[in-house]
Every structure is written in C-alpha cells, then in structure tokens.
Amino acid sequence: MVPKSDQLLIVVSILEGRHFPKRPKHLLVVEAKFDGEQLATDPVDHTDQPEFATELAWEIDRKVLHQHRLQRTPIKLQCFALDPQTSAKETVGYIVLDLRTAQETKQAPKWYQLLSNKYTKFKAEVQISLTLETDTKAQVDNYKAKAAPPRDGKVLASLAGVDPKDIVAVLNEEGGYHQIGPAEHCTDPFILSVTIAFATQLEQLIPCTMKLPERQPEFFFYYSLLGNDVTNEPFSDLINPNFEPERASVRIRSSVEILRVYLALHSKLQIHLCCGDQSLGSTEIPLNGLLKKGSTEINQHPVTVEGAFTLDPPNRAKQKLAPVPLDLAPTVGVSVALQREGIDSQSLIELKTQNGHEAVHSQKRVLTPIKEKTLTGPKSPRESPAPPPPPNQTPPTKDDATESEVESLQYDKDPKLTVKGIGSVPASLAQPEATCGASEVVTSGQKIAVPAASHHFCFSVDLRSVHDLELSFPVNCILRYSYPFFGSAAPIMTNPPVEVRKNMEVFLPQSYCAFDFATVPHQLQDTFLRIPLLVELWHKDKMSKDLLLGVARIQLSNILSSEKTRFLGANGEQCWRQTYSESVPVIAAQGSNNRILDLSYTMTLEDYGLVKMREIFVSESSQGVPAVDQKPSSPPPAPCPSEIQVEPRETLEYKAALELEMWKEMQEDIFESQLKQKELAHMQALAEEWKKRDRERESLVKKKVAEYSILEGRLQKALTELETREQQLASAETELQRERKELQLERERNLQELQDSVRRARDDCVYQVELERLKLKQLEEDKQRLQQQLSDAGNKYKVLEKEFQQFKDQQNNKPEIRLQSEINLLTLEKVELERKLESATKSKLHYKQQWGRALKELARLKQREQESQMARLKKQQEELEQMRLRYLAAEEKETVRTEQQELLDIRNELNRLRQQEQKQYQDCKEIASGKLGSPRGSGLEEGLDDYLTRLIEERDTLMRTGVYNHEDRIISELDRQIREVLTKNSASN
C-alpha cells in the first residue's frame, strides 16, 4: 500500500465564467478529462457570468504524478451548452491545463480563455485554480455519513448528553472488540457478521471495450466492516463463480439504542466486485433495518438482512449504459446478521449454485483487532497488476498427479526450450535429473562429490513480451542470453523471430526455459547479487548480418526478496517456490544509453531441499547431455582370469544385462502409461477449457443479443417514426403538388384575362385616336373660317375707328363741348377731394381715440410700476434698517465695552495720579510744587492729546463707511467725548 503521505489529490477548482452570451433555454456543463477518467460539473444557467463553484479531484500518488509530469500529460476541460428539452450538447470550447504548473501550495485562480470558441463575437473566459492537496482521509472514515436530525423530539435516557456525531467505533485491542458509545453505559456484547454466499451473471459487469489481464484474471469481493478491509477468496470464472461462502464477524460492545443510532448514521454497506485494483461493480446493503425502533427481536434471535442484491457498474450514468433486463442483471447473495453474544445461531444460507439451491454451512472468519485482513492499497493507473504464476506454479491439489508431472506437462509443450544443465563451477556443483530411460548405465566418467549443504534448485525464466518500441523502424527481433552458473554455457534464444512495431506489444514464442542445478544457498545468493542476467536483443535480417540492438539487465537478486510459497515435491517433501515479474528497459548497445523498448519477464526459483545423493557421475560426452544417477548397487566386478569358465547365461554380467532389459521394458510400460495419463489429462484440460470458452461465448452471445434487442427496439421505434414522417412528407408533397397546379391554373387564367384586357384597351385606344383625328380635322376647318372672319372684322374696325376719329375732331373744335369737358373734370376733382376729406376726418377721430386709450394704459402701467418700486424700495429700506440696527447694536456694544474699559483705565490712572499728587503735595508743598508740576501737567496733556486723536480717528472711520451720519447715537457720543476732551485740554492750558 502506498503511504498516506504519498497520496495526493489533483484538484481543479472551476469557479465562474465571464463574457458568455445569454441563452435562457440552455445550460452550461464543464467536463474535465485526465488519464482516461472524466469528471463533470453540475449544469448551471447559461448566463453572461455563470457560477460553477465546483471542485474536481483525481487520486494519485507521487510516483505516478512524476511520470505524468515527465510525459506532459494534460488536463483537458471541455465546455458544453446543454439543451434540457432535447438533451443535445453543443461544444462551446475547451481549455488545456499543464499538470506541471500544479503545486501543493495554494495558488490564486486564473482566467483562461476558451479555445475554438463557438461564440466568435464573445471572448468567453473561465476562472480556474489547479492545486495539489495531500489525501489525509482516514481509512476508517471513508464512508462516514453526516449526522441526521432526530426523527422525533424524544431523547432516550442513554442518549442524553451524547452527540450522535461523537458515536464512532473505537478499537479495544486488549479486549478484542469495538466499543461504540460510552464505555460506562454501553456494555452489551454483540456480534455483527457479513456473509457473501453466491454470485450470478457477473460477466454482465465487464464491458466489451474493457481489457482484462492477459493471464488468468482473479476476481474477488471487497467491503469494509467497521474499518476492517475484507476480501473473499479469489475466483477466476465469472460465468460460474465457484467460491466458498465466507463469513466475516466483528465483536461489538454497545447498547441497543446507541447501536441503532450508529447504524442509522452508517446506513449502507458497500460491497465491490474487484479485479486487481479496479472495481467492476458495487451494491449497497441497507443496515438501518437491522434494529427497528421499539423492536425487541434481537433479544430472542439474531436479526438479519439478506437477499440477492444487484451489482451496478461504476459511473453507469456517465457511461450511458443501456438498462439490463432483470433476468440478466448481475447479483450477489449477501446476508448481514446482528446478534447478542452468547445466543447460538447456526443459521444456514441458501446458496445458488449451478445445480440448484442447496443449504451449505458458511465458513466463519472472525476479524480480531490483532489479526485483521486488509486489502492492498490502490495502484497507480499506469501500473499493471502482477501476473499470476504460470500453471506449473499452482498450489498442490489432492489428485495423484505430483508436482513433477505438472512440470513435465509444461515442459512437453516446448521440449526444445527445457535445459537440464550441470554446473561446472566448483562452488555450485550441479545435480542432473535422474533419467531412467537411458540405453545403458554409465560406469566410466568423473565422479563429483556434492557438498552436504547443497540444495537442489530449479530456476525458470519466461521472457513474456516486448512493448513500447522507441525506434522509428520495425524490428525483427530475437532474444538471447546465457548464464554459465546454471550449468550450461550454451546460449538460449527465442525462435522464430517476431516483428515489433511502435505502440505494439508482442508475445515471444518459445521463451520459457528451466535449469536444474545443485548449489549451496549462500553461493546462489552471492552469485545472483553479483552477476545479472544479460538478455541481448538481436535484429535478424535476411539480406544482411544479424545486428545487436541492445541489452537488458535482469537483476536475479530480486527473486530472493519475493514471497515464498510452499508446495509438495514428487516424493511428498516440502519445497519452496519464489516468483518475480517485472518490466525492464532494453538499453541501446551502441551510442547513447537510450531505451529501445521494454521487456516483460517472469522468473521462478524452486528449492527442493537438500541433495540426497552425495556422489554423481558426469558423462564425458558433449556438454548439455545429462548424466545418469549412480545406481545404488555398485558395478559388477570384472571376472578374474583364474576363475573357471561357466555358462554365459549363468554369469553375473548376463544376469545383470537381463535384469536391465527387464527393467527397461518395465520402465517403458510405466512411461507409456504416464504418457497416456498425461494425454488424458491434456484432453480433459482441453475439454474443460473448451467448455469454459463455450460458456463464455454463450454468455457473451446472450449479452449481445440483449443489447441488440434493445437496439432493435430503438431501431424499430426510429423506423416507425421515419415511416410516419415519410407518410407526412408524402401527404405534404401531394398537397404541395395540388397547390402548385392550382397556382399554375390561376396564373394562366390571370394571364389570359390580362391579355384580353390589353387587347380591348388597344382597340379602344385606336378608336379614340381616330375620333381625335376627326375632331382635329374639324377644328382646323373651324379655325380657318374664324381667322377669315377675324380679318374681316379687323378691317371693319379700322374703318369705323377712322370715322370715329374724324367725328371726334369735329366735336372738339366746338366751345360748348370744351366747357362741358372742363366742368366734368372739376366735378370729378371735387368728388375726389370730398372723399379724401371724409376719410381724413374718420382717421383723425380713430387716432384720437387710440391715443387716449394708450395714454390711459401708460398712466396705469406707470402707476403700477411706481407702486411696485415703492414697495421694493420700502422693503429694501426695512432690510437695510434692520441690518443697520444689528450692525449698530453690535458696533455700539463693542464700542461701549471698549470705552468702558478705557474709562476704567483712565479712572484708575487718574486715581493713581491723584494719590501721588496728594502724597507729593503733602511731603513738599512749596519746594516740589514748582519742580514737579510741569512734568505732571505735561504728561496729562500728552495723554489727553492721544485720547483725543484716537476718538477723532474712530469717528472719521465710522463716517467714511457711509452707514452712519451725525444723527446716529454712536457718532453723537463720540462728538460729546471729543468736546469734553477739548474742554479739559483748554481748561488745563
């Protein structure tokens, strides 16, 4: 398990956005994707400033975080606009965050602009903060619920003063139980047990896109019981899960009321189906039904919650998985029991197996605080689970087949790759396998004494696969290595060559090899620590020479620190096995130390214990041929020449040869029977594997049929909708064609009517033109006739005018006519003058009236203006008088105060002078009168002059302001004081 301090949380805080357009009928969602895992925020309103206020977090450890930073793995945030009515998602834009900028110290959020923004006219931005936080959550409190409010107002006596938040399970290591509630009140012993009995349809939890480990995967159920992590025995068959029912129990000290409150707070037990560190599905078992309010069942018998619960895959909503029918739903049979300690309850659990339902006693496993079973910590996303051991490393079974037969089955698959070596170094003397099928007994050769402390070891290497090629060209590779310590210096190679390309994992053929040897353990440990196994990567090319690309260093000492497992040997002795798997890089042989690819391997070390035979013979033939163990009986002695000749069949050699031949035939029969047994075992294994594969295929076919039936229903529905839509389109098309024909007929009819009206209008115009032409012709004739008449009338007028002129001249020459004309002219002038006189008289009268009105109006306006001016003047005078009075009052008050002070000073001065004068006058009346009188008189005159000057200046200053005149009181007072001073001054003079 990774230490807590190494567990981190990558936290992306999506706070708010800005500069978004307003779309009232849409919602905004931000999805974040990191390392294949996708998280999303809750939908928010699509406003100009959406408030997300969401934190998204991924669990990770420091090593994996370092790898992601080296690979520059990004965190991609995509923003979508969601239509709630149609569930349509529109991509708005995306943001890419650099994982290297994340720090464990808190950083201020930043504004990130959306890339590939759909709203080109808006520069949409999102405020995001990327930080690293330490994952400090306690394992016990993983699923700690919040305190729920009490369902009624009544508080039990035992709960008085106890906060439900403080009710937790505390481990008491000395007593071996969990204390729930106050120890002084909660003393009743209870036992809480959880039993996982059966499981069905588990293959439905594995999606078609999920890749399981290459080797046989192991599945198990996991749950946490009061902080104890519990797993059942692993199983490998999902279609027919075959595992023993297991019961996990914990002892509890509490009371019924406290335990009811605790179960109400922790009301659900989560059970996960896991493969490695990945959860395939989970279910929740309700625990609040164990202790019902007011029930006393627990005092008589155990209370249970049991049944078949449906397993749901993780993130079903996000993966958008189709619903599974009830008959194909994956289920797990669980029984949760709570009882008082001391009540005997051997309950039977109904187990659902392949043959039906049968009652089986479940195994009981008590989780004591001293020895509790916990799960390993979560692995990093990029770490692959450790591969299971090869089939030859399975635990021993109860069958008659021994471990050596299982190994021989494995070796028979690739006989060319099995090497039985003999160590040639003195420190590690090899012990070859005993081969009883040799054609003859080796009686000549080197005899090697094996030390008493030597152990028989079997070391196997399986070069499984190569992956993550860094070269730009494909490699036709083979792997080659040799390790003389195992007894053979001959190189071991994979064959045939395989082609490896980029982003590709290739499994190597004939890559398994095993070595049997004998050596002392400390020599083995020292050699493994000093000498690594060098695996060479060669590129084979038909057109050129083989090329050495790189070398991988396998540290064999890693297997010495792995966990040991016990198994039974061929003769029933206890043996030990250690297995280690890892991926190592292949480093380039030339140039810089760059990685070419990664090599995944598995190595196994088996210790068969001390070597029983102390002396072995080594064959003088070529290396690699195993020697035959020494027979227990010594070789027959050579016949002495002096002995008597006997029958050949009576000799010891003949008997030994006959016995050897009989032994060979017997061994051949045994070998044939073993081969038949192995063939039968192989056939049975193939048949079982075929049945298993057939069941898997059948289950997958059922799953696919169910999925396809759902898809077929959807397609039928869509097809029905399409047919309905097609019919609607056909009817609409028919209606459109009908309307189009009607419009065409209407257009043709209108066009015909228009042509007829145009023809009629043209005919009318032609007729009207003809009539106008006839009228014009008639008018021309009338014009000519009238012109002729006009010329005749002109001539007549001229003749008459001449005659009238002549008549007029004749009349003018007469005096009566001349006087009459003059009279007429005078009469006309008189009339004209009378008319003008009358009009002048009327206008004069009118002007006189208007002038009178204007004078009256002017007088009225003048009077009104004078009244308003008088009112304003009076108001201003009143205001000025008030201001003058206020100013005079203030000035007079100040002046009076000043004058009073000055008068007081003068009075004091006069009193002082008077006192001095009287004193001096009394002391020296006659002498000092003449001497001191003039100075005192001159000083008094100077004081009066100064005072007079000051009074005159103050009066002139007040008069210059223009506010005061000689009639004001303050000016009169100043004049009075000036007069008094002048009077005093004149009197003194």
Side-chain angles (χ1 to χ4, degrees), residues 8-60 68 73-99 101-133 135 137 142-149 268 282 284 312-323 381:
L8 297 175
L9 289 176
I10 302 176
V11 181
V12 177
S13 302
I14 305 172
L15 304 178
E16 59 179 346
R18 65 183 181 185
H19 307 321
F20 280 83
K22 291 184 179 180
R23 300 179 69 182
K25 296 183 179 180
H26 286 75
L27 302 175
L28 276 177
V29 177
V30 178
E31 294 182 357
K33 188 174 184 181
F34 172 67
D35 195 27
E37 186 175 358
Q38 183 170 315
L39 303 176
T41 64
D42 294 331
V44 298
D45 295 335
H46 199 314
T47 60
D48 55 348
Q49 292 183 350
E51 295 284 344
F52 296 101
T54 304
E55 287 188 351
L56 307 178
W58 292 269
E59 294 182 356
I60 198 169
H68 283 300
T73 305
I75 300 177
K76 186 174 183 181
L77 280 73
Q78 281 189 301
C79 185
F80 295 96
L82 180 64
D83 189 355
Q85 297 180 356
T86 61
S87 299
K89 289 172 66 176
E90 301 177 10
T91 303
V92 177
Y94 68 92
I95 297 171
V96 178
L97 300 179
D98 191 355
L99 187 59
T101 60
Q103 303 294 333
E104 294 192 37
T105 58
K106 192 170 183 180
Q107 298 178 351
K110 298 180 180 179
W111 289 97
Y112 293 86
Q113 187 172 353
L114 290 180
L115 304 177
S116 299
N117 190 0
K118 177 185 177 183
Y119 310 121
T120 55
K121 297 182 180 179
F122 298 87
K123 294 184 179 180
E125 296 179 345
V126 181
Q127 191 177 30
I128 299 172
S129 173
L130 177 61
T131 56
L132 292 176
E133 296 181 2
D135 189 6
K137 61 182 181 180
N142 277 342
Y143 303 100
K144 186 175 181 181
K146 294 183 179 180
K268 292 180 181 180
S282 63
E284 294 182 346
D312 295 325
N315 300 328
R316 172 182 285 274
K318 292 185 179 179
Q319 296 179 7
K320 298 181 180 179
L321 300 177

Inter-residue atom distance Glu37.CD - Glu59.CD, 0.5 Å rounding: 8.5 Å
Worked verdict on Val12 versus Thr54 for side chain to side chain contact (heavy atoms under 4.5 Å, CB included): CA-CA 8 Å; Val12 177; Thr54 304; over 6 Å; no
Heavy-atom side-chain contact between Leu77 and Ile75 under 4.5 Å: yes
Nearest atoms (heavy-atom pairs only) where Ala57 meets Leu39: O-CD1, 3.4 Å
Contacts of Phe34 that satisfy ring pair (Phe, Tyr, Trp, His ring centres under 6.0 Å) - sequence neighbours left out: Trp58, His68
Thr105: side chain to side chain contact (heavy atoms under 4.5 Å, CB included) partners, not counting sequence neighbours: Gln103
Minimum heavy-atom distance Lys123-His19, with the two atoms named: O-CB, 3.1 Å
For Asp42, all residues meeting side chain to side chain contact (heavy atoms under 4.5 Å, CB included), sequence neighbours excluded: none
Gap separating the OG1 atom of Thr73 from the CG atom of Leu97, nearest 0.5 angstrom: 13.0 Å
4.5 Å side-chain heavy-atom contact, Leu132 and Val11: no
Full working for side chain to side chain contact (heavy atoms under 4.5 Å, CB included) between Lys110 and Tyr112: CA-CA 6 Å; Lys110 298 180 180 179; Tyr112 293 86; 3.8 Å; yes
Sequence-distant partners of Lys118, side chain to side chain contact (heavy atoms under 4.5 Å, CB included), two or more places apart: Arg23, Glu90
Tyr119: partners by ring pair (Phe, Tyr, Trp, His ring centres under 6.0 Å), with sequence neighbours left out: His46
Minimum-distance pair of heavy atoms, taken over all atoms of Asn117 and Ala124: ND2-N, 3.5 Å
Residue pair Ile128 / Leu15, side-chain heavy-atom distance below 4.5 Å: no
Gap separating the NZ atom of Lys76 from the NZ atom of Lys33, nearest 0.5 angstrom: 8.5 Å
Main-chain N/O of Val30 paired with Thr41 side-chain donor or acceptor, under 3.5 Å: yes
Point-to-point distance, once rounded to the nearest 0.5 Å, from CD1 of Ile14 to CD of Gln127: 11.5 Å
Side chains of Thr131 and Leu9 in contact at under 4.5 Å (non-hydrogen atoms): no
Closest non-hydrogen atom pair between Gln107 and Thr101, with its separation: NE2-O, 3.6 Å
Asp48: salt bridge (charged side-chain N to carboxylate O under 4.0 Å, His left out) partners, not counting sequence neighbours: none
Pairwise distance NZ(Lys22) to CZ(Phe122) - rounded to 0.5 angstrom: 10.5 Å
Gln78 side chain reached by Lys89 side chain, heavy atoms, under 4.5 Å: no
Straight-line distance of Thr47 OG1 to Leu28 CG, nearest 0.5 Å: 7.5 Å
Min side-chain heavy-atom separation Val92-Phe80 under 4.5 Å: no
